[in-house]
**Q** 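Once you've had a glance at the structure underneath, I'll fire off some questions.
Only a predicted model underlies this, so the values are computations on that prediction, with no experimental measurement involved.
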Amino acid sequence: MRFKNILLLLVLLCCSIIGVAQERTVTGKVSSVKTGEAIPSVNLHLPQQQRTISANEDGTFTLVIPSGRTSLRITAVGYVTKDVTIEEG
């Protein structure tokens, strides 16, 4: 009986770790509000993960982020820094 309880506890623990570690992929394109043109080589910083990526020459990017609410800081030379929150769903 004790073995079954320990096994059940391990299974539940593994399921909870898998649920917490889920990630999602976010894709997008950074463009100028004034002209609508793409802004190349924009830096996208994820403070919680201490990670920064750069958008492509056409302003597109792909990020793998943790599930839940995530902050994103967008910076580019000659533009105002923008902080955004990415919500779940």
Side-chain angles (χ1 to χ4, degrees):
M1 184 68 167
R2 185 173 178 180
F3 177 74
K4 287 182 181 180
N5 289 341
I6 292 173
L7 182 61
L8 179 61
L9 180 63
L10 287 173
V11 169
L12 292 174
L13 181 61
C14 289
C15 290
S16 66
I17 291 171
I18 291 169
V20 171
Q22 290 185 2
E23 296 179 329
R24 56 196 167 132
T25 301
V26 175
T27 59
K29 183 174 183 176
V30 182
S31 58
S32 170
V33 173
K34 292 181 181 178
T35 65
E37 293 181 17
I39 303 173
S41 304
V42 172
N43 289 318
L44 301 125
H45 178 67
L46 296 160
Q48 294 97 341
Q49 296 180 313
Q50 298 178 352
R51 191 176 69 165
T52 302
I53 68 157
S54 294
N56 296 332
E57 297 80 31
D58 61 355
T60 59
F61 65 90
T62 301
L63 286 170
V64 176
I65 60 173
S67 59
R69 177 181 274 188
T70 303
S71 297
L72 179 65
R73 174 166 280 182
I74 305 167
T75 59
V77 175
Y79 291 88
V80 175
T81 298
K82 179 78 174 172
D83 291 317
V84 296
T85 301
I86 302 172
E87 300 286 343
E88 184 72 38

**Q** Closest approach of Q49 and P66, non-hydrogen atoms and distance?
**A** NE2-CD, 3.3 Å

**Q** Any idea which heavy atoms bring S71 and Q48 closest together, and the distance?
**A** N-NE2, 3.3 Å

**Q** If we only count heavy atoms from C-beta on, is the V30 to K82 side-chain gap below 4.5 Å?
**A**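 They are not in contact (no side-chain heavy atoms under 4.5 Å apart), so the answer is no.
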
**Q** Once you round to the nearest 0.5 Å, how far does CD1 of I39 lie from CD1 of I74?
**A**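 The distance works out to 9.0 Å.
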
**Q** Which heavy atom of T75 sits nearest to which heavy atom of V42, and what is that distance?
**A** O-CG1, 3.4 Å

**Q** Check whether any side-chain heavy atom of L63 sits under 4.5 Å from a side-chain heavy atom of R51, and report yes or no.
**A**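 Sidechains of R51 and L63: in contact.
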
**Q** Would you check if the side chain of N56 reaches a backbone N or O of D58 as a donor-acceptor pair within less than 3.5 Å?
**A**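 No, the answer is negative, given that no donor and acceptor are paired below the 3.5 Å cut-off.
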
**Q** Linking I/L/V/M/F/W/Y whenever their side-chain heavy atoms sit closer than 4.5 Å, directly or via other members, would V64 and I53 fall into one cluster?
**A** no

**Q** Would you say that T60 contacts T27 through its side chain, given a criterion of any heavy-atom pair below 4.5 Å between the two side chains?
**A**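 They are not in side-chain contact.
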
**Q** Could you pull out the closest heavy-atom pair between R24 and S67, with the gap in Å?
**A** NE-CA, 3.8 Å

**Q** Please, which pairs that meet side-chain hydrogen bond (donor to acceptor under 3.5 Å, both in side chains) have at least one residue in residues 37-47, sequence neighbours excluded?
**A**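 Only N43-S54, H45-T52 qualify under side-chain hydrogen bond (donor to acceptor under 3.5 Å, both in side chains).
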
**Q** Could you check whether any side-chain heavy atom of T85 comes within less than 4.5 Å of a side-chain heavy atom of T70, counting everything from C-beta outward?
**A**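 Contact flag for T85/T70 side chains = no.
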
**Q** Write down the atom of G36, the atom of S31, and the distance for their closest heavy-atom approach.
**A**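 For G36 versus S31, the nearest heavy atoms are O-CB, 3.6 Å.
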
